[in-house]
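A short write-up of the structure that comes next.
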Amino acid sequence: MNELKNLKKLGYNLPEASTPGGSYVSVNVRGRIAYIAIQFPILNGIYKFQGKLEKK
């Protein structure tokens, strides 16, 4: 059984992957290190967390 069918059988649904906002690769592996580009918390096209960071 493939992984997606197994997840659905267990009641999990994966959201659609968002499209990149620029011309970059999301993960770049060099040797044993993976460099991850900036990722935003987008779920089904909607930003999950928005707001302004305040100074304390």
Side-chain angles (χ1 to χ4, degrees):
M1 185 181 298
N2 75 25
E3 292 81 7
L4 290 177
K5 285 183 182 178
N6 196 22
L7 285 172
K8 286 185 179 184
K9 183 178 175 183
L10 292 171
Y12 294 102
N13 291 315
L14 295 178
E16 293 295 320
S18 60
T19 56
S23 177
Y24 61 87
V25 221
S26 56
V27 178
N28 184 354
V29 180
R30 295 182 186 174
R32 294 176 49 200
I33 299 175
Y35 297 91
I36 301 173
I38 186 166
Q39 302 292 312
F40 296 104
I42 303 170
L43 180 60
N44 297 326
I46 300 171
Y47 286 92
K48 293 296 289 180
F49 305 101
Q50 294 185 53
K52 181 178 176 182
L53 295 175
E54 300 286 336
K55 289 184 180 181
K56 285 190 172 190

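We're numbering straight along the sequence, starting at 1.
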Item to check | With R30 via side chain to side chain contact (heavy atoms under 4.5 Å, CB included) - residues at least two apart | outcome: N28, Y35
Next on the checklist: Does N13 form a side chain to side chain contact (heavy atoms under 4.5 Å, CB included) with K8? I'd like the steps, not just the answer.
Outcome noted: CA-CA 6 Å; N13 291 315; K8 286 185 179 184; 4.1 Å; yes
Next on the checklist: Taking side chain to side chain contact (heavy atoms under 4.5 Å, CB included) as the definition, give me every residue that meets it alongside L14, ordered by chain and number, with sequence neighbours left out.
Outcome noted: L4, L7
